[in-house]
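Here it is, the structure in full.
The chains referred to below are lettered A, B, ... by the order of the sequence lines, with proteins before strands, and numbering in each begins at 1. Note that the structure is predicted; figures quoted are calculated from it, not measured.
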Amino acid sequence: MLEKHFQPAEVEGRIYRAWEEAGAFKAGAGKRGQAKPYCIVIPPPNVTGSLHMGHALNNTLQDVLVRFERMRGRDVLWQPGTDHAGIATQMVVERKLGSENKTDRRTMGREAFVRAVWAWKEESGGTITNQLKRLGASCDWSRDRFTMDEGLSRAVLKVFVGLHEKGLIYKDKRLVNWDPKVQTAISDLEVQQIEKKGALTWADGDPEKPFDAAALAKALKKDPSGHLYHFRYPLKDDPSKFITVATTRPETMLGDTAVAVHPEDERYTALIGKHVVLPLVGREIPIVADDYSDPAKGTGAVKITPAHDFNDFEVGERHNLARINVLDAFAKIDASAPEAYRGLDRFVARERIVADMAALGLLAKIEPTTHTVPHGDRSGVPIEPWLTDQWYVDAKTLAKQAIAAVEDGRTRFVPENWSRTYFEWMRNIEPWCISRQLWWGHQIPAWYGPDGKIFVAMSEAEAYEKAQGHYRSQKHPLSPQREGDHGEGQRQSPAQGAVPHLQASSGKITLKRDEDVLDTWFSSGLWAFSTLGWPDESPELQRYYPTSTLVTGFDIIFFWVARMMMLGLEFMHEIPFDTVYIHALVRDEKGQKMSKSKGNVIDPLELIDAFGADALRFTLAAMAAQGRDIKLAKSRVEGYRNFATKLWNAARFAELNSCARVAGFDPAKASETVNRWIIGEAGRTAAAITSEIEAYRFNEAAGAAYQFVWGTYCDWYLELSKPILTGADGPAKDETRATAAWVLDEILKLLHPFMPFITEELWAKTGEVGPKRDGLLVLTAWPEGRGLSNKAADEEIGWVIGAITDIRSVRSEMNVPAAAELELVLSGANATSKARAERHGDLIRRLARLKSIAFAAEAPKGSVQIVIGEATAALPLAGVVDIAAERQRLEKEIEKARAEIAKVDTRMANAEFVAKAPAAVIDENHQRKADFSAQIEKLEAALKRLKAAADTAALSLNAPWTDDLSAGRWCARAWPS
RNA sequence: GGGCGGUUAGCUCAGUGGUAGAGCACUACGUUGACAUCGUAGGGGUCACAAGUUCGAACCUUGUACCGCCCACCA
């Protein structure tokens, strides 16, 4: 016996365990192992993270696809796993150590710190996995992977070494985005441009406003950005003359090595080739001509600091300028600057330098400006362009085949438009900086010899082998010797014994490993094949690569999708996935991005607790229309929780009416019209949901299911079947019971990808009676949905539903009390309608609250009349009907119909329309006109009868429902004074 | 500066050339042993604006306005 309400919290855990115990999510198991594979690799969440709304959406959509394909019989692998998330995790642990143990990573040392991170990973690593399970994610957890697993780490090494050998990974000294807080280089993608507006205004020589260093310091402390400072640089030849430059970053002037002007800027042509004396520093620097300088910007003359600005770096290259680095890793002024500024933080130095320049009379003015300042996306502090040695991937070369694969359609984006974004970025791709000065991550497999020579290898032992080979061929006086014992004593270099003269030498070389680790995205870029076992030739790799669909948000197309494309094609020589489905962002109900600082974060787990995982999943799927962000309101989740309740109650109804499944029931052989109709509707719905999911229109699929379950099955079929189910026993009742149960089964299957818990639970409950179930719903075959519809049944039930709706409508409009039972007289009905009315009289009476249905040649006088097709249905309300109101109603109906006819007429009057529109459209218009004309005819007849009745009718207060309590109100309305 | 998207009912949004839709909210009424987390009925829209293409435009084209996002630059 089913409870009145579905209680998700009591059911979900049990159901999930049942799936796992049955091995339902296991790829390649049993007979399925022979089927066509379908594979999705999960976008790996941060191992120490917890589930947010973005995960909930992302994984719901994946689960819908995966459950759908599994039911369709495919051998499904949903490959789960987590990401070590270098910077994010390291920062979390550092913060934790700081607050709990009052220590920091530098004090602890690298080894102890990395141990602490592993400990934290062990402690919190299962959180997100368990949360995904609560959502219902049907991943093959037996294949769970982590980017720092032994296998995946081996893949990282192999890729690094491979790319290095091909020259696609190289080390370079150039400007990088340096995060002075986390103390690491970051890639361009990890830089966030934040717009800053200044407010400071000051001009030299304004007697009203003398320069106030204290006020400046105060203002800059509040916001150091957004101000444009004009500095005068005195000419070497004549220190009384100046060239004025404008800058938003005064502190970098300590590293200036030139001033650039545009070669055609007449204001400055005379100065080109001359020198200025850099104030505060005293260095003589040239005035150079360079196109980079824009006469329209600032003063037209621009200071050049090659070591601290990406553009200036290029200018420096062109003019062979020195690169003077004046900042250290903490973005403090370093020893290359004048003593007065050494050790100052960049922003303190800024205010000091501006004040000092002002004191020297070299500050011309300060004006507010708007510019964007690059910030580290994790640390939130302004990044510094900083000159360091880093490792780079030659992305430009790798991008070529990745672009081609999307151009020729081997991989397609859904919605297609995202391929433009992909192309745009890929075609303008810059070298990818992959080294990070962190401790948590894959350490770069590069070793340095005593002379700085780099050996890139899969292992230290191999690096020593390479080093030995190298130095021997170089006739290097040093002999290589491995450092420490790495438990692989048997891996002796074969060369060693063969080179006695090296052995004989007493010198040893020591290789030092690069301390940096790799960008997290380097390892996640291998995810599509490293999780399947690469570099080993595993059976999974053979079977599931290329994977089928990648489901992800647009915010990581560059970070992740692009890199998987490049690395997949490079190492597997095949695309990593054939379809990339890009979904939207989940925002709050006002359309704002959810963020902790705004306090508008909706926790998916709270929603699951409140409404159940099914309700949350259905909401997300129903709102996942392509190309638009999802604004999530709690009320929507509540609404779909109600939908789950509705489904539950439909099952209860079936149970109460003994609608049990019947062995061997063949829907194609049903004979009752309602049954044939609902079976056809179920088939149509199955076909619709199938094609919508295939096209990734999750919202349409969810909508079709919702409409069918609530609007068709519950609202109509169950109502229409009540007279049969509560009527006499017999074949009709048996068939209806079997049909109701069969359709419910279909519903459970169709809803399962969206609402796995409640459907699985109902599958079990409804399986308690009738023939034994084959197994769990999760592994049940998806409905076919073809060839079950029956046109005659559809038309007949359509007529019945139409009649009931119209009668209900007019009852309501005429304020007939709900309980009142009316007598209906049908006139002008043709044989078909008459037969339909007779066949379904019982249920029409029941659902439209009629006492009886009679047939007559003409509608009785003084009745309210409704046009149903060719027939007129009359409700005898003589004497109680408000004639004026009824006349108005009829006139309004006539007016509406006439307006429609007018529309058709104008269209048909257009000769070109008649000539050019397709025949079907013309026919449709003819038909419309005929229908509306007939309707008008009937309505006009009704109006005429009404008038006649009004003239002759004896006023009677004996309404047929005067015993009803509401009769008083009814009569009062009907007879206004 | 370049690119992408949006503007349809009070709200949130579907709708790829042929009769403007859904959910929520709102109003009225509640009856039949599935369901008040419900039922029945109802009101509500110049599809942002303008021009064009077309027999026909919410839909295609161009432009305008406003809103959002991404990329680049920023003296």
Exercise for review: With heavy atoms under 4.0 Å as the rule, sort A:Y292 into base, sugar-phosphate or nothing.
Suggested key: base

**Study point:** Comparing A:K916 and A:C714 on RNA chain B - which has the more 5′ nearest nucleotide
**Key:** A:C714

Check your understanding: Hey, is CD on A:E3 packed in by over 12 heavy atoms from elsewhere, all under 6.0 Å?
Key -> no

Exercise for review: Look at the side chain of A:E700 and decide which nucleotide, out of B:rA75, B:rA14, B:rA41, has an atom nearest to it.
Suggested key: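 My answer, after comparing the listed nucleotides, is B:rA14.
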
Practice item. Check the pair A:N925, A:R928 against side chain to side chain donor-acceptor pair (under 3.5 Å), reporting the backbone distance first and the verdict last. Key: CA-CA 5 Å; A:N925 276 279; A:R928 270 173 79 72; 5.0 Å; no

Check your understanding: Ignoring hydrogens and angles, does a donor from either the side chain of A:R808 or the base of B:rU40 sit under 3.5 Å from an acceptor on the other?
Key -> no

Practice item. Would you mind pulling out the nucleotide paired to B:rG52, Watson-Crick or G-U wobble, both distances under 3.5 Å? Key: B:rC60

Check your understanding: Is any side-chain N or O of A:E367 under 3.5 Å from a base N or O of B:rA75, one able to act as donor and the other as acceptor?
Key ->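 There is none.
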
Exercise for review: Assign A:A915 to base, sugar-phosphate, or nothing according to its heavy-atom contacts below 4.0 angstrom with the strands shown.
Suggested key: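 It contacts nothing in the nucleic acid.
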
Exercise for review: Would you kindly compare A:K896 and A:N417 by the position of their nearest RNA chain B nucleotide and give the one closer to the 5′ end?
Suggested key: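 Nearer the 5' end of the strand: A:N417.
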
Review point. In the structure shown, which nucleotide is the Watson-Crick or G-U wobble counterpart of B:rG68, with both distances under 3.5 Å?
Key: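 When the pairing criteria are applied, B:rC4 turns out to be the nucleotide that pairs with B:rG68.
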
Review point. Looking just at side-chain N and O atoms, do A:E424 and A:T421 make a donor-acceptor pair shorter than 3.5 Å?
Key: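 Short answer, no.
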
Point to revise | Pair A:W418 and A:F413, ring centroids less than 6.0 Å apart | key: no

